[in-house]
Amino acid sequence: MLDVNKVRKDFPFFTSNPDLIYFDNGATTQKPQCVIDAVSEFYTMGAANVHRGDYPLSLHWDALYDKTRESFAKLLNCQANEIVYTAGSTHSMNQIAYGLQRNFLKPGDVVLITENEHASNVMPWFRMRQESGIQYEYIPVDKQGNIHMEDAKKAMHAGVKAIAVAGVTNVLGAKQPLKELAALAHENGALMIVDGAQSVPHGPTDVQDLDIDFLGFSGHKMGGPGGTGIIYGKYDLLQKMEPVFLGGGMNARFEACGDMLYQEAPEKFEAGTPNIEGVIGLGRAAEYLLSLGMENIEAYEKDLRAYFAERMKELDNVDFYNPDNAYGPIAFNVKDVFAQDTGSYLAANNICVRSGNHCAKILHEVIGTDSTVRASLYFYNTKEEVDRFIEVTKEITLEKAVGIFF
Ligand SMILES: Cc1ncc(COP(=O)(O)O)c(C=O)c1O
């Protein structure tokens, strides 16, 4: 069982901000002291580049940088050489899409997505249609964003070469049936691609059990430093996938005539000087989550979310969009109040949420509204914070929300 009072002591944020309620974890998360220490060690001990220097300081960071892959191998149940460092989910999803465009997908091939997806798992496919005639189609979802397998089966056809969906969606918190979707994809010779930005930080992810081909997620949404992320890919697929960025560190050699030879995966995807301190800090975050136990994190958050959802149902001044989902954020609007005004009212009461479209700009096709208020939790949030949130939200009216500006 996760002891939230003990856990909160690991995060200096709570000492620095004793009165603030942070419910914007879908955007980014607070950092435990061990991650802050790992990053600052790089600056205080002495910076050096990785995989380029033959002196002890450089070799020290080489070892830590490479070892981080093992932490993610443990977290995801894969091999260390199946872990690629990126700058975040956006970078990961673009590398996967553009990497596949080059030597997996051809004009006319179809990628199945949903209207639930974050921009980074929509826009690359949109551009691909413009640039190379690769098509996308939508698997229908229900009003709370969930894919039902009978709809996924109907959407599948011989032209489909990939399914690309979020593990948990970033507004409605729909937890998609990844294992069943992967089986469906593979029965039809298609790849299974997962945007894990809102799923990996919050519970166990066993890529072998799920049989996922590619997974992208962000480090900063799991207690890691900014500008960090991961691609997991099955090794033979990583070997076949084309890197988007070319440059130092990822090539084995190149000749004046234009011949190029890349490094093996994963290095071939890490062109240029990487975010060394970010990667090392991210490794520390992964070890920290593993020490808490991903199952414990999931159980704690599920319980907290269920409590939050029950308390939301007491409010008669809100439209609550995802009352039945067990995971992810609480999405709502106060009746007649613009989402941003609700967000500002909550902010004036020391509560941080996000309001707007949350980069899921076609979700209005599902829920019929462009903007929502999103309260997103992490394992350090508490029922007392939820109670305070309910108390403040209960009193919001149009007059009050607009009144805070005058
Ligand atoms: C589902 C999902 N995918 C992708 C992203 C993009 O993550 P990043 O901004 O770290 O690249 C987010 C961020 O909110 C997200 O929620």
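Note that ligands are numbered from 1 as they come in the structure, with each ligand's atoms numbered from 1 the same way. Computed from a prediction, not measured in an experiment: that's the story for all the values here.
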Worked verdict on K67 versus E70 for salt bridge (Lys or Arg N to Asp or Glu O under 4.0 Å): CA-CA 5 Å; K67 209 168 161 42; E70 289 168 23; 3.3 Å; yes

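- More than 12 heavy atoms of other residues, nucleotides or ligands lie within 6.0 Å of CE in M294, so this atom counts as buried by the packing criterion.
- For the pair S120 and ligand 1, a heavy-atom separation below 4.0 Å is found.
- With a 4.0 Å cut-off on non-hydrogen atoms, H91 does not touch ligand 1 at all.
- Both the sub-6.0 Å distance and the 45° axial angle are not jointly satisfied by K268 relative to the ring of Y262.
- An N or O contact shorter than 3.5 Å is missing between R354 and ligand 1 by distance.
- Ligand 1 has no atom lying under 4.0 Å from any heavy atom of E117.
- The pair D213-K234 counts as a salt bridge, with a side-chain nitrogen and a carboxylate oxygen less than 4.0 angstrom apart.
- Within the 4.0 Å heavy-atom criterion, the part of S218 lying near ligand 1 is the side chain and not the backbone.
- In summary, the atoms of ligand 1 found under 4.0 Å from a heavy atom of G26, numbered by their order in the structure, are 14 (O).
- Taking every heavy atom of K221 and a limit of under 4.0 angstrom, the matching atoms of ligand 1 come to 7 (O), 10 (O), 12 (C), 13 (C), 14 (O).
- In the vicinity of A197, heavy-atom distances shorter than 4.0 Å reach the ligand 1 atoms 1 (C), 2 (C), 3 (N), 4 (C), 12 (C), 15 (C).
- Between Y380 and F14, the ring planes lie perpendicular to each other; the angle is over 60°, past the 30° to 60° tilted range.
- For ligand 1, the atoms sitting less than 4.0 Å from at least one non-hydrogen atom of T90 are 6 (C), 7 (O), 8 (P), 9 (O), 11 (O), numbered in the order shown with element in parentheses.
- Counting non-hydrogen atoms of other residues, nucleotides and ligands closer than 6.0 Å to NZ of K313 gives a total above 12.
- Heavy-atom proximity to N170, at under 4.0 Å, picks out these atoms of ligand 1: 1 (C), 16 (O).
- Under 4.0 Å is where a charged nitrogen must lie from a carboxylate oxygen, and between E391 and R388 at least one such pair does.
- Below 4.0 Å from some heavy atom of Q198 lie the following atoms of ligand 1, by number and element: 1 (C), 14 (O), 15 (C), 16 (O).
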Test log, rule side chain to side chain donor-acceptor pair (under 3.5 Å), inputs R129 and Y136: CA-CA 7 Å; R129 178 155 89 175; Y136 55 85; 3.0 Å; yes

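- Annotation: salt bridge (charged side-chain N to carboxylate O under 4.0 Å, His left out) contacts of D209 (sequence neighbours excluded): K179.
- Ligand 1 has a nitrogen or oxygen under 3.5 angstrom from a nitrogen or oxygen of D195.
- Residue contacts with ligand 1: M93 is excluded, as none of its non-hydrogen atoms falls under 4.0 Å.
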